[in-house]
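These notes concern the structure reproduced below.
Hydrogens, waters and symmetry mates are skipped; everything else that's a heavy atom, side chains included, is used.
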Amino acid sequence: QVQLVESGGGSVQAGGSLRLSCTASGFSLTNACMAWFRQAPGKEREGVAGIDTDGSTNYPEAVKGRFTISIDNAKNILYLQMDNLKPDDSGMYYCTATSHFAPARWLTAGDGSSMEYWGKGTLVTVSS
């Protein structure tokens, strides 16, 4: 049974950092394409980081240079390091996975409807 469990969310001031974790079970992250999505109240869901099975990563302009996605294969954990956080980064962050290959730039496109598996999310709040 595939399961994704996020952790690491919280409240920080603008300029601060958080590291989100996504513990995967039921499959190996080395065999899946992964992405982080977020959704703020009243806003559309958007992809913020993706990594494909080749290790290529992709970020939208809004977070490029501030967010870093990575995988600890030994622990089967996906991370999202978020630095220099801004109030606009606030929202619920979701870990997602798909067993189908997709280039990293596709993983963060759209609303994530192509991703097969979703965690329940972890809340990030950035205050000014």
Side-chain angles (χ1 to χ4, degrees):
Q1 180 180 359
V2 172
Q3 191 172 16
L4 300 171
V5 179
E6 303 95 336
S7 61
S11 297
V12 296
Q13 290 190 328
S17 298
L18 283 174
R19 188 178 76 161
L20 306 184
S21 299
C22 172
T23 301
S25 58
F27 73 106
S28 171
L29 292 180
T30 59
N31 297 325
C33 292
M34 307 294 296
W36 287 94
F37 281 78
R38 70 184 180 191
Q39 187 164 24
K43 294 186 178 180
E44 293 185 354
R45 191 166 59 197
E46 60 179 348
V48 295
I51 184 168
D52 62 30
T53 52
D54 292 336
S56 297
T57 59
N58 186 69
Y59 309 90
E61 286 299 321
V63 307
K64 192 173 291 184
R66 301 188 297 118
F67 288 14
T68 304
I69 188 172
S70 63
I71 293 176
D72 185 326
N73 290 318
K75 296 181 179 179
N76 215 37
I77 297 176
L78 178 75
Y79 296 104
L80 181 67
Q81 177 67 41
M82 305 186 295
D83 298 317
N84 191 21
L85 283 161
K86 304 176 181 180
D88 284 348
D89 294 321
S90 297
M92 189 69 78
Y93 281 71
Y94 299 93
C95 172
T96 71
T98 178
S99 59
H100 303 288
F101 179 80
R105 65 186 183 276
W106 290 0
L107 295 171
T108 53
D111 63 0
S113 55
S114 61
M115 304 305 285
E116 297 175 83
Y117 306 103
W118 288 72
K120 294 183 178 181
T122 186
L123 184 63
V124 172
T125 303
V126 184
S127 58
S128 58

Q.
Using 0.5 Å steps for rounding, measure from the CE atom of M92 to the NZ atom of K120.
A. 11.5 Å

Q: Considering non-hydrogen atoms only, spot the tightest contact between Y94 and G119 and give its length.
A: CD2-O, 3.5 Å

Q. Can you check side chain to side chain contact (heavy atoms under 4.5 Å, CB included) on W106 and D52, steps first, answer last?
A. CA-CA 9 Å; W106 290 0; D52 62 30; over 6 Å; no

Q: Using distance alone, with no hydrogens and no angle criterion, decide if Q81 and S70 have a side-chain donor and acceptor under 3.5 Å apart.
A: no

Q) Which heavy atom of I71 sits nearest a heavy atom of M34, and at what distance? A) CD1-CG, 4.5 Å

Q) Just by modelled atom types, is the N58 backbone N or O under 3.5 Å from a matching donor or acceptor in the R105 side chain? A) no

Q: Could you tell me the separation between the CG atom of L80 and the SG atom of C22, rounded to the nearest 0.5 Å?
A: 10.5 Å

Q.
Just verifying a value: how many Å separate N31 CG and N73 CG, rounded to the nearest 0.5 Å?
A. 9.5 Å

(Q) Rounded to the nearest 0.5 Å, what separates atom NZ in K86 from atom OG in S128? (A) 13.5 Å

Q) According to the salt bridge (Lys or Arg N to Asp or Glu O under 4.0 Å) rule, which pairs have a member within residues 2-18, sequence neighbours left out? A) none

Q.
With clusters defined by side-chain heavy atoms of hydrophobic residues (ILVMFWY) lying less than 4.5 Å apart, directly or transitively, does L4 cluster with W118?
A. no

Q) Hey, is the main chain of S90 close enough, under 3.5 Å, to the side chain of T125 for a donor-acceptor pair? A) no

Q.
Show the nearest heavy-atom pair for residues F37 and G110, with the distance to one decimal.
A. CE2-O, 3.7 Å

Q. With distance as the sole criterion, is a donor-acceptor pair present between the side chains of T98 and E116 under 3.5 Å?
A. yes

Q) With hydrophobic residues grouped by side-chain heavy-atom distances under 4.5 Å, do Y93 and Y59 end up in a single group? A) yes

Q.
Under 4.5 Å between side-chain heavy atoms, counting indirect links through other Ile/Leu/Val/Met/Phe/Trp/Tyr residues: same cluster for L20 and L85 or not?
A. yes

(Q) Does N76 form a side chain to side chain contact (heavy atoms under 4.5 Å, CB included) with S28? I'd like the steps, not just the answer. (A) CA-CA 6 Å; N76 215 37; S28 171; 4.1 Å; yes

Q: Please check if Y117 and F27 belong to a single hydrophobic cluster, counting links between Ile, Leu, Val, Met, Phe, Trp and Tyr side chain heavy atoms closer than 4.5 Å.
A: yes

(Q) Could you report the tightest heavy-atom contact between P87 and S127, atom names first, then the distance? (A) CG-C, 4.4 Å

Q: Flag yes if F67 and I69 sit in one hydrophobic cluster, no otherwise; membership is Ile, Leu, Val, Met, Phe, Trp, Tyr, and two members link when side-chain heavy atoms are under 4.5 Å apart.
A: yes

Q: To the nearest 0.5 angstrom, please state how far the CG atom of L107 sits from the CH2 atom of W36.
A: 14.0 Å

Q. What do you reckon, is NZ of K64 surrounded by more than 12 foreign heavy atoms closer than 6.0 Å?
A. yes

Q: Measure from the side-chain N and O atoms of R38 to the backbone N and O of G91, and report whether any donor-acceptor pair falls under 3.5 Å.
A: no

Q: Could you tell me the separation between the OG1 atom of T57 and the CD1 atom of I51, rounded to the nearest 0.5 Å?
A: 6.5 Å

Q. Side chains of S56 and D54: is there a donor and an acceptor less than 3.5 Å apart?
A. no

Q: Determine whether V124 and M82 make a side-chain contact, defined as any pair of heavy atoms from C-beta on separated by less than 4.5 Å.
A: yes

